[in-house]
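Here's the structure, in structure tokens; my notes come after.
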Amino acid sequence: MGRPNFVFILADDLGYADLGCYGARASVAVSPVLDGLAAGGLRFTQGYANSPVCSPTRFALMTGRWQYRLRGGAEEPLVGTARGDKVVGLAPEHPTLPSLLRAAGYTTALCGKWHLGYPPHFGPLKSGYERYFGPLSGAVDYFSHRDMTGLHDLYEQDRPTVRQGYLTDLISDAAVEFLQRQDGQRPFLLSVHYTAPHWPWETRDDSAESRRIGNALAHKDGGSVATYRQMIRHMDEGIGRIVAALRATRQIDDTLIVFTADNGGERFSDNWPLVGQKMDLLEGGIRVPLIAHWPARITPSGRCDAPVITMDWTATLLAAAGVEPHADYPMDGVSLLPAFDDARWDPQRPLFWRMKHRQQRALRDGAWKYLARDGHEYLFDLSLDERERANQALRRPERLVEMRQRWERWAATLPEVPADAAVSLVCGPEDMPALS
């Protein structure tokens, strides 16, 4: 077998239980294609995002390193006011997954959301991608393709482009077109970063709603569970077209497809049995669906219960391609290739998080989780209490102290949170009742 192809699919704000293979409670299947990929591959039950908000996770995915090492990764999240900023973005000189693979002979393309800084200083083509189609910012309307400031935000390569259509479908179209152009002479990395099911809450049939809300993309006065689920179904259908293109070009067996999300769900999502959501270091904010499908390597119907994190996939894809990380930028993630051979594999290493928002801290070590926010500390045994309702802090004070000290030692190895790093909240208690 030669070097594999990679299709890395990233959903936006998807809840842990939104897919059928993760227990979706919808009466009509919303994710038959993804459910099929899980059945034919490996499903991770303890998959984590590097952050409970989008752009920091994307910094970690691109670099394979803690996002806190980069100034842009401190934004929670990066917003449109960063246009023209020379600092807040993914620096072109930093090695990335696409730049390392491209240097090793891979064709690289990103179809979908970038959200790692704006031109002229930052952009997909400056960080290793040869081809790009999609929006640069964190949120755009599915029909007008405008961001929250009203600016048109749809690009092909490094130029604005005007396309008619529903954004989820346009991203799928671009991905399929890229696959159809591949002739098998070079392996490829295709990143497909959907904006779905991120707000605004619009299905293919909601162009009138798009006109009504204009630039109010947070869509605080609209949406429903039914609309949200249909948005997932549209994305799933697009993924089905991507899989069909791989089969039609006889590339499916030698292609590793990875599907996951940038953070936990928001508003209409289903995180059961977890609590918390986007912006929280509770499990509902950071645990996400995670599927790997690779017929040439992965035995169907696998289940891996090891805690893994977004940046592990950078190390995994490089290892699968036989590409070494840059010596000056060592990976913080680990390769998950051993899990492809034995789903019982567990690297047994701690995972850490921090957030400026609510002064949050978290450490996952085995079954135990240390959590702090708003000055309060908690200790949970996730093997018994995934909902994080039974605080063991007073019952196991020695473990609480030990985990707090380990978190503090880890944090001391990273840059401090910059004083000017922004926390940008979409909804407050005046918009809807707080969930936690």
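None of these values were measured; they are calculated from a predicted model. Values reported hereafter were calculated over all heavy atoms of this structure, with side chains retained and with hydrogens, waters and symmetry mates removed.
- Between the side chain of T96 and the backbone N or O of M62, no donor-acceptor pair lies under 3.5 Å.
- For the residue pair D18/Y228, the side-chain donor-acceptor check at 3.5 Å is satisfied.
- Residues N263 and D13 have side chains that bring a donor and an acceptor to within less than 3.5 angstrom of each other.
- Within the cation-pi definition used here (under 6.0 Å to the ring centroid, within 45° of the axis), R297 does not qualify as a partner of F340.
- With hydrogens and angles left out, the side-chain atoms of W353 and Q360 include no donor and acceptor closer than 3.5 Å.
- In this structure, the side-chain contact (heavy atoms from CB on, under 4.5 Å) partners of Q230, at least two apart in sequence or on a different chain, are T203, R233, H234.
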**OP:** Decide side-chain contact (heavy atoms from CB on, under 4.5 Å) for F8 and I257; before the verdict, give the C-alpha distance in whole Å, the side-chain angles of both, and the deciding distance to 0.1 Å.
**Re:** CA-CA 6 Å; F8 195 98; I257 303 172; over 6 Å; no
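- Applying the side-chain hydrogen bond (donor to acceptor under 3.5 Å, both in side chains) definition to pairs two or more places apart or across chains, those involving residues 109-119 are D12-K113.
- In this structure a side-chain-to-backbone donor-acceptor pair under 3.5 Å is missing from S127 to P124.
- The structure places CG of L189 at 14.5 Å from CZ of R131, a figure rounded to the nearest 0.5 Å.
- For the 3.5 Å distance criterion, the side chains of E377 and Y370 qualify, holding a donor opposite an acceptor.
- The shortest distance between side-chain heavy atoms of L400 and R404 falls below 4.5 Å.
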Under 3.5 Å, side-chain donor or acceptor atoms of residues 174-181 against the rest of the protein: list the pairs with distances, not counting sequence neighbours.
none

Original post:
Run the ring-ring contact (aromatic ring centres under 6.0 Å, His included) check on Y155 and Y132 step by step: do they pass?
Top reply: CA-CA 7 Å; Y155 284 75; Y132 176 62; 7.3 Å; no
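- Within the structure, every pair that satisfies the ring-ring contact (aromatic ring centres under 6.0 Å, His included) test and touches residues 242-277, not counting sequence neighbours, is listed here: W201-F268.
- Of the options W294, Y106, F188, a ring-ring contact (aromatic ring centres under 6.0 Å, His included) to F6 is made by Y106 and by none of the others.
- One distance of note links CE of M311 with CD of Q67; it measures 7.5 Å at 0.5 Å rounding.
- The 12-atom threshold is not exceeded at CD of E416, counting heavy atoms of other residues, nucleotides or ligands nearer than 6.0 Å.
- With hydrogens and angles ignored, the 3.5 Å screen pairs a side-chain donor or acceptor of T57 with a backbone N or O of S51.
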Which atom pairs, one a donor and one an acceptor, fall under 3.5 Å between side chains of residues 313-320 and the rest of the protein, sequence neighbours left out?
{"unit_1": "T314", "atom_1": "OG1", "unit_2": "L61", "atom_2": "O", "d": "2.7"}
{"unit_1": "T316", "atom_1": "OG1", "unit_2": "D312", "atom_2": "O", "d": "2.7"}
{"unit_1": "T316", "atom_1": "OG1", "unit_2": "L336", "atom_2": "N", "d": "2.8"}

**OP:** Starting from the C-alpha separation in whole Å, work towards a yes-or-no answer on side-chain contact (heavy atoms from CB on, under 4.5 Å) for R25 and D270.
**Re:** CA-CA 8 Å; R25 294 178 282 187; D270 188 353; 2.8 Å; yes
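- Under a 4.0 Å N-O distance rule, the pair E283/K369 qualifies as a salt bridge.
- For D420 and R71, the salt-bridge test passes: some basic side-chain N is under 4.0 Å from an acidic carboxylate O.
- Looking at S191 and Y129, their side chains do bring a donor and an acceptor atom within 3.5 Å of each other.
- Between L116 and F59 there is a side-chain heavy-atom pair separated by less than 4.5 Å.
- Of the possible polar contacts, none joining the N271 side chain to the L274 backbone as a donor-acceptor pair under 3.5 Å is found.
- Applying the side-chain contact (heavy atoms from CB on, under 4.5 Å) rule to D35 yields the partners L19, C21, S31; only residues at least two apart in sequence or on another chain are considered.
- A donor-acceptor contact under 3.5 angstrom links the side chains of Y194 and S172, judged on distance only.
- Remark: R373 engages D280 in a salt bridge, criterion side-chain N to carboxylate O under 4.0 Å.
- Using a cut-off of 4.0 Å between Lys/Arg side-chain N and Asp/Glu carboxylate O, E402 and R406 are scored as salt-bridged.
- Salt-bridge formation is not detected for the pair R354/E76: no Lys NZ or Arg NE/NH1/NH2 atom is positioned less than 4.0 Å from an Asp or Glu carboxylate oxygen.
- At least one cation-pi condition fails for R303 and F44: the charged atom is not both under 6.0 angstrom from the six-membered ring centre and inside a 45 degree cone around its axis.
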